[in-house]
Amino acid sequence: MSRLVLIDGSSYLFRAFHALPPLTAPDGTPTGALYGIVNMLRATLKENPDYTAFVLDASGPTFRDELYPQYKANRPPMPEDLRAQVEPMKEIVQALGFPLLCVPGVEADDVIGTLALQAHAAGIPVTISTSDKDFAQLVRPGITLTNTMTGSVLDDAGVMEKFGVRPDQVIDLLALMGDTVDNVPGVDKCGPKTAAKWLGEYGTLDAVIASADKIGGKIGENLRAALGRLPLNQQLVTIKTDVALDQAPSDLTLRPRDVDALRELYTRCGFGSALRELDGGSAPPARGARPVAPAAVADEAPDAALSAPGEYECVLDAAALQAWVARLQAAELVAFDTETDSLDPMRANLVGLSFCVEPGQACYIPVGHDYPGAPAQLDRAAVLEALRPVLEDAAKPKLGQHGKYDLHVLRRHGVDVRGYAEDTMLESFVFNAGGQRHDMDTLAQKYLGYTTIKYEQVAGKGAKQILFSQVAIDDATKYAAEDADVTLRLHRVLSAKLAAEPTLQAVYRDIEMPLVPVLTRMEATGVLIDVAELRRQSADLSQRMMAAQQRAHELAGRAFNLDSPKQLGQLLFEELKLPALVKTPTGAPSTNEEALEAIADQHELPRLVLEYRGLAKLRNTYTDKLPDMVNPDTGRVHTSYHQAGAATGRLSSNDPNLQNIPIRTEDGRRIRTAFIAPEGRRIVACDYSQIELRIMAHLSGDPGLVRAFEGGLDVHRATASEVFDVPLEKVSGDQRRAAKAINFGLMYGMSAFGLAKQLGIGRGDAQDYIALYFGKYPGVRDYMERVRQQAREQGYVETVFGRRLQLNEIHSRNQAQRAGAERAAINAPMQGTAADIIKRAMVSVQDWLDGQGGRATMMMQVHDELVFEVDAGFVDTLVDEVRRRMVAAAELRVALVVDVGSGSNWEEAH
DNA sequence: AAGGACTCATA
DNA sequence: GTATGAGTCCTTT
């Protein structure tokens with residue numbers, strides 16, 4: 001059977017040039033690429049093809065340049081060392097007897113594509129010899145790819161395996177990915193895996209484009225941004241198969257080789273082994289090609305120009321310091337910032353301070369730069385003493401950006417900042433809680449149109465990042481003084497904005513700012529951890545994990561990574577053919593708890609995986625990690641509360657997150673026994689009972705719901721009694737469960753669908769329950785509708801205290817996003833009001849604690865719960881007063897109720 | 001090294 | 001169905 005081998009000369013030429021060492025001929029001319037080509041051609045000849053051609057790009061523009069003027073625009077000119085090899089290559093190709101094709105106006109790819117399809121139509125099998133993946137689009141039964149340099153062969157199945165898509169989807173895959181080399185931008189951050197995933201899900205590029213709204217995350221945004229150019233990409237990456245050619249496949253026969261010409265060429269290039277083969281091994285050994293050291297690459301560091309607006313003074317002597325202290329004393333408001341050597345304020349050392357009193361006039365006082373050759377700096381302790389009268393004077397208002405950090409640093413260096421009155425991060429947060437980021441760089445850009453010097457610009461990034469103490473003082477001055485300067489400028493803009501919104505201003509002034517020192521105090525206090533207990537638990541969990549893993553591998557019949565959802569999915573849904581009932585947001589079969597639970601009756605493995613996961617989660621996230629978080633100085637764990645993170649006004653906790661310590665399962669709850677009180681003290685936990693539901697009762701004013709809370713009854717039981725019209729004492733377990741699910745569901749803006757899933761009932765039944773509920777509590781139904789309405793009309797909803805919660809996607813064209821925003825709108829006033837209330841309570845409680853001589857300290861906040869460490873003899877007093885203050889934090893239509901507990905550890909206190 | 005996907009802990 | 005943070009795996013740069 002005859003066969004056509006089409007050789008993609010251009011791709012090999014470049015590939016060989018870059019892949020092989022820079023060989024040279026005896027006379028010094030470069031031959032590396034040639035060497036690769038010759039070996040490739042000799043290998044091809046051994047296959048003895050009936051028809052073959054060596055195809056090269058012609059010079060000059062092609063139709064693609066017309067379609068897209070930037071096509072290959074940033075491709076550098078062909079390196080001289082490569083250009084020098086083109087003519088000899090053509091000579092060798094022809095001397096070997098290969099037909100050489102070079103067609104102007106199109107690329108080699110198009111010539112190959114055309115010939116391949118012509119031969120295919122004539123029933124001649126085709127092999128395309130190339131190192132260019134784009135040819136995968138031509139693969140079909142009868143057309144395969146081969147790469148003689150790597151030895152790989154690609155047929156239909158091979159394309160599927162290598163790219164994860166069928167050959168007929170390759171064009172779409174390439175269109176999505178784009179091609180950096182050809183200057184064809186695809187979807188940003190979309191590589192072969194992502195593109196294949198989408199095509200696997202939607203089938204074609206057109207379908208992906210049509211579904212672009214459904215793809216979430218950053219990558220979804222990137223996709224939508226790229227939509228406009230994808231059709232063009234498709235055209236650009238499509239290999240033409242209808243080029244008018246002078247030759248037909250049957251014309252492409254090998255001519256006899258020209259031995260004399262080859263001998264001359266091989267000798268000139270120094271290709272010894274080729275020469276020996278040519279002359280039957282009798283040729284004199286030619287000197288071998290020798291590698292040449294690659295040219296040294298200049299190691300150019302980008303010269304990041306540091307622009308320095310404003311007059312920034314570096315304070316290096318006592319006189320300058322005194323002058324600045326005087327300016328600070330005279331100022332109405334002092335903007336300040338600290339520079340340190342760590343992001344963790346509980347470990348950071350002070351490296352310098354910056355101040356600003358007038359926009360553009362700022363100073364930097366270095367006190368800890370210790371790189372070789374650093375100028376002499378003022379003594380740190382002396383500087384802090386000089387500044388103490390300003391910083392510790394409650395009557396001298398101070399301003400910062402995320403000042404809680406600086407408060408920690410200064411506190412740990414012996415300065416107890418008082419009068420911390422303004423914070424631009426919190427101003428921004430209160431003004432626009434829907435805004436994603438409230439860091440200074442973002443705010444400066446947004447409100448001042450000013451681009452700040454980035455930390456990376458002065459300290460580098462990644463592994464090469466240096467400590468601020470290593471940054472040259474000149475650079476540090478520009479960076480640090482700018483921080484204080486920009487903070488002051490930002491404050492002028494933001495405080496004016498807040499002044500125009502009195503309710504927002506009140507949230508900022510009365511809730512957020514007073515909370516700053518309270519959080520600082522709580523973080524500084526930290527919590528005592530029983531490390532030995534956690535180690536014991538880790539060991540126990542490890543042992544059980546190993547057992548589960550071993551059993552899982554036995555059941556699977558092979559080893560696999562139990563932690564990899566991908567491998568697990570493959571095993572369960574492909575090998576074991578278990579039904580994939582749940583999909584991940586990206587459309588892949590999910591292995592989450594719900595999915596595994598659903599198939600647990602069909603195989604032992606899912607249950608085992610759940611067991612393993614539960615253990616692994618506890619060990620990896622808690623019992624292994626918490627001991628590492630113990631601060632060596634204090635012997636305690638110090639979380640950090642993020643005050644401007646959550647869109648609803650809640651706090652969040654990180655490093656470590658102490659707001660998600662397990663409680664639901666027995667193994668999990670045990671972790672709380674490791675949160676202990678020191679000798680002579682107790683842990684006291686005080687939590688609001690059903691606070692969000694009470695807020696719903698308040699906001700809706702529904703008499704039925706208000707009544708359900710009265711008399712201190714179990715609210716879910718009371719709700720069930722009303723909804724199902726049975727006496728309180730006759731409410732069944734299922735009825736209470738249903739009522740509870742509805743109560744919670746309502747707060748999350750749920751649908752009948754969601755409730756049905758939650759309760760494991762039909763959608764119709766769920767709808768009936770909701771109708772029944774709304775029949776009894778029409779005020780709740782009306783409230784829900786009012787909130788949706790407000791969200792649509794204003795773009796935001798509000799808490800009882802006037803905090804504004806922005807709903808960014810409430811008018812999204814995307815139905816799913818819009819529905820999500822509506823659910824968020826329903827939940828936000830309840831979650832946000834609860835956050836406001838506990839924040840107010842914290843300020844009030846701390847205010848009282850400050851007068852109690854350290855007999856109790858507030859240690860943690862977990863959304864509706866405050867945790868204290870209390871002298872054993874002081875517990876009763878504390879409980880009374882804390883309860884009083886927590887209850888008094890808001891006056892709602894229903895009373896707030898606080899449950900308390902105490903014990904030697906957190907678990908007991910619940 | 002950075003970022004996304006997936007999973008799962010809490011309120 | 002709301003709101004978070006974090007660990008592991010995997011892909012991309």
Separation of [N] [atom2] from [X] [atom1] (nearest whole Å):
X: A:Gln537; N: B:dA9; atom1: CD; atom2: P; result: 15 Å
X: A:Lys189; N: B:dA1; atom1: NZ; atom2: P; result: 17 Å
X: A:Leu618; N: B:dT7; atom1: CG; atom2: P; result: 18 Å
X: A:Asn620; N: B:dT7; atom1: CG; atom2: C1'; result: 12 Å
X: A:His863; N: B:dA9; atom1: NE2; atom2: C1'; result: 11 Å
X: A:Leu572; N: B:dC6; atom1: CG; atom2: P; result: 16 Å
X: A:Asp667; N: B:dA9; atom1: CG; atom2: C1'; result: 14 Å
X: A:Trp198; N: B:dG4; atom1: CH2; atom2: P; result: 12 Å

Under 4.0 Å, counting only non-hydrogen atoms across every strand here, what does [X] touch: a base, just sugar-phosphate, or nothing?
X: A:Thr584; answer: sugar-phosphate
X: A:Ile663; answer: sugar-phosphate
X: A:Lys461; answer: nothing
X: A:Glu593; answer: sugar-phosphate
X: A:Asn657; answer: sugar-phosphate
X: A:Ala647; answer: sugar-phosphate
X: A:Tyr622; answer: sugar-phosphate
X: A:Glu865; answer: nothing

Exercise. The side chain of A:Lys197 lies closest to which of these nucleotides: B:dA11, B:dA9, B:dA5?
Worked result: B:dA5
For this session: Using modelled atom types only, decide if a donor and an acceptor are shared between the side chain of A:Asn827 and the backbone of A:Tyr748 within a distance under 3.5 Å.
Result: no
Exercise. At what distance, to the nearest 0.5 angstrom, does OG of A:Ser812 lie from CD1 of A:Ile810?
Worked result: 9.5 Å
Exercise. Along DNA chain C, 5' to 3', what are the outermost nucleotides having an atom less than 4.0 Å from a heavy atom of chain A?
Worked result: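 Taking any atom under 4.0 Å from a heavy atom of chain A, the span is C:dG1 to C:dT13.
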For this session: Please determine which of A:Leu626, A:Ile661, A:Asp628 meets the side-chain contact (heavy atoms from CB on, under 4.5 Å) test together with A:Pro656.
Result: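 Of A:Leu626, A:Ile661, A:Asp628, side-chain contact (heavy atoms from CB on, under 4.5 Å) with A:Pro656 is met by A:Leu626 alone.
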Look at the side-chain N and O atoms of [X] and state whether any lies under 4.0 Å from the OP1 or OP2 oxygen of [N].
X: A:Arg664; N: B:dA9; result: no
X: A:Thr621; N: B:dC8; result: no
X: A:Arg650; N: B:dA11; result: no

If you measure from the Lys or Arg side-chain nitrogens to the Asp or Glu carboxylate oxygens, is any gap between [X] and [Y] under 4.0 Å?
X: A:Glu785; Y: A:Arg788; answer: yes
X: A:Glu574; Y: A:Lys566; answer: no
X: A:Glu692; Y: A:Arg650; answer: yes

For this session: Check whether any side-chain heavy atom of A:Leu605 lies under 4.5 Å from a side-chain heavy atom of A:Leu578, and answer yes or no.
Result: no
For this session: Name the orientation class of the two ring planes belonging to A:Phe744 and A:His716 (parallel below 30°, tilted from 30 to 60°, perpendicular beyond 60°).
Result: tilted
